[in-house]
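What follows is a single structure, written as structure tokens, with notes after it.
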Amino acid sequence: MTFTVPQARKLLTELPGPKSVELQARRERSVSRGAGTLANIYMDHGSGAILVDVDGNQLIDLGCGIGVTTIGHAHPEVAAAASAQASKLTHTLFTVTPYENYVKVAEKLAEITPGDFEKHSILVNTGAEAVENAVKIARKFTGRRAIVALDHAFHGRTNLTMAMTYRPWPERAGMGPFPGEIYSVPISYPFRDGLSGEEAAEKTIDYITTHIGASEVAAFFVEPIQGDGGIIIPAPGYFKRLSEFCTENGIVFVADEIQAGIARTGVWYSIEHHGVVPDLITTAKGIAGGFPLAAVTGRAEIMDSVQPGGIGGTFGGNPVSTAAALAVFDIIEKENLLEAAQNVERMLRSRIGDWADKYDFVGEVRGKGAMFGVELVKPGTKIPNPEALASVLKYVTTHGVIALDAGSWDSVLRIMPSVVISEELIDDAATVIEEAFALL
Ligand SMILES: *Cc1c(COP(=O)(O)O)cnc(C)c1O
């Protein structure tokens, strides 16, 4: 694709610049403090892997607004599709009078999700809403109540998904009470537990059997690659054993692919790396190039167990968002973006793959495709080092690189650029991160 902004970092002012500082003052008088911000740099436009702020500075975006603009910022074909739809029809509510875009997105989701069986979808607006709907559907299908999620999971910020989200701070603290019948169970975290996938799976299964009872469980939610949890990739064989356990016990196995899905890890859905076919999949973030859209897709008999009217919502599968999603699917195929993501993985491995050997405060560098984590530790130990991460993030954001934090201990540097990022930008961003390392 062609970019409307040169793909290079360029700083004209200090960061944040004067216009950002002005906006920040206004914001403090009008926006809730609860909407915390990583870097108070106000953005004006973007293209590819570059964001341009209100002062004209060009920043390298290694975050994509948490994995959303996977295909690059403001892709002209997404803009054209959305704008054409916006002047044609913006809303009917699919459950009042339907339209084709919704059906087309559902058809496409059936095609790109793993599994060689009939699949149906429901479209909603946000990731949390998709997870909530998956909970409702699984409960209805199984007639059971218990919902199992993994340690370090992130499933959203609504009341139900907050309860499924692992860490109390900042997502949950002080905002209960939470719904019952939600259980967190041990995950496979190779860097920290040293267990094989099979060993970790037995630990997880034993926990479920002894604390909850397999016959009580409606659904088991997993992120095949945890995002907010710190780019945790369970050991090989872990999900295979868990999915067998779910099948043996009539539990709906749900892959929450909201962050890792849609090309980010070099495949359509990150569960493909584990060779497992889930019963249900949730999709959101990267699906529509920044427009709000989310989906639950899965086995037709599970998805159809809900009575008509039991799931849905006013804006779900909005005509404009679905038009944008159809453009995104098209772009991923036409521009070979699955391969582009695999290529980003190769470039990242060759540039930052040796950081754990080079720096004693880097515990591990891990990732798939354009989704990487750098786990920071106290030198020579595995003790999380959130102070180091805070200092790195402060340095890089004020030097024109937007990267993200992650991990239950806030000690994982999360790198999730657009898959169209160039090798030069990766090298330049890595150099800025290494400058930050030099100050630790
Ligand atoms: C972001 C995210 C969610 C929540 O999505 P929202 O659109 O913010 O509600 C759920 N699960 C995962 C894995 C996510 O990364």
Side-chain angles (χ1 to χ4, degrees), residues 34-38 63-70 113 122-138 147-167 170-172 175 182 184 187 219-234 239 253-265 268-271 273-274 278 280-298 313 315-318 321 324-325 328 367-373 404-408 412 414-416:
T37 304
L38 179 93
C64 285
I66 319 215
V68 170
T69 52
T70 310
T113 47
I122 171 99
L123 303 185
V124 291
N125 306 288
T126 65
E129 208 187 339
V131 173
E132 289 227 2
N133 276 283
V135 168
K136 286 166 64 174
I137 294 163
I147 300 297
V148 171
L150 290 171
D151 285 356
H152 310 292
F154 182 85
H155 293 297
R157 282 190 169 81
T158 56
N159 186 260
L160 176 57
T161 58
M162 217 178 3
M164 296 165 67
T165 288
Y166 178 68
R167 65 177 188 174
E171 285 89 357
R172 280 196 274 129
M175 292 182 284
I182 310 283
S184 240
I187 190 181
F220 194 156
F221 281 75
V222 307
E223 291 160 85
I225 298 180
Q226 284 189 331
D228 288 47
I231 318 296
I232 300 170
I233 309 176
F239 286 128
F253 187 72
V254 188
D256 180 347
E257 292 269 11
I258 288 167
Q259 193 159 147
I262 309 290
R264 171 136 308 270
T265 70
W268 279 108
Y269 285 96
S270 65
I271 192 76
H273 295 299
H274 300 278
L280 298 181
I281 288 187
T282 54
T283 309
K285 292 192 165 89
I287 190 175
F291 286 87
L293 183 67
V296 186
T297 304
F315 292 117
N318 170 270
S321 292
V328 168
K368 272 276 166 205
M371 185 169 184
F372 267 69
L404 303 172
D405 57 349
S408 294
V412 179
R414 181 167 30 160
I415 297 176
M416 292 202 300

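In what follows, every heavy atom counts, from backbone to side chain, and hydrogens, waters and symmetry copies are set aside. Just so you know, ligand 1 is whichever comes first in the structure, and atom 1 is the first atom listed for that ligand.
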| message | Determine whether a donor-acceptor pair (N or O, by modelled atom type, separation under 3.5 Å) exists between the side chain of Arg414 and the backbone of Gly373. | response | no
Could you give the side-chain donor-acceptor pairs of residues 286-294 under 3.5 Å, partners two or more places apart or in another chain?
none

side-chain hydrogen bond (donor to acceptor under 3.5 Å, both in side chains) filter on His274, not counting sequence neighbours, yields none
I'd like a table of donor-acceptor pairs (distance under 3.5 Å, sequence neighbours excluded) in which one partner is a side-chain atom from residues 159-166, with atom names and distances.
unit_1 : atom_1 : unit_2 : atom_2 : d
Asn159 : ND2    : Pro177 : O      : 3.2
Thr161 : OG1    : Arg157 : N      : 3.2
Thr161 : OG1    : Thr158 : N      : 3.0
Thr161 : OG1    : Thr158 : O      : 3.4
Thr161 : OG1    : Thr158 : OG1    : 2.7
Thr165 : OG1    : His155 : N      : 2.9
Thr165 : OG1    : Gly156 : N      : 3.3
Thr165 : OG1    : Gly156 : O      : 3.2
Thr165 : OG1    : Thr161 : O      : 3.0

> So, do Thr113 and Tyr269 sit near enough that their side-chain heavy atoms are less than 4.5 Å apart?
Replying inline: yes
Distance filter under 4.0 Å, heavy atoms only, around ligand 1 gives Thr126, Gly127, Ala128, Phe154, His155, Gly156, Glu223, Asp256, Ile258, Gln259, Lys285
Per side chain to side chain contact (heavy atoms under 4.5 Å, CB included), Thr265 is matched among Glu257, Gln259, Lys368 by Lys368
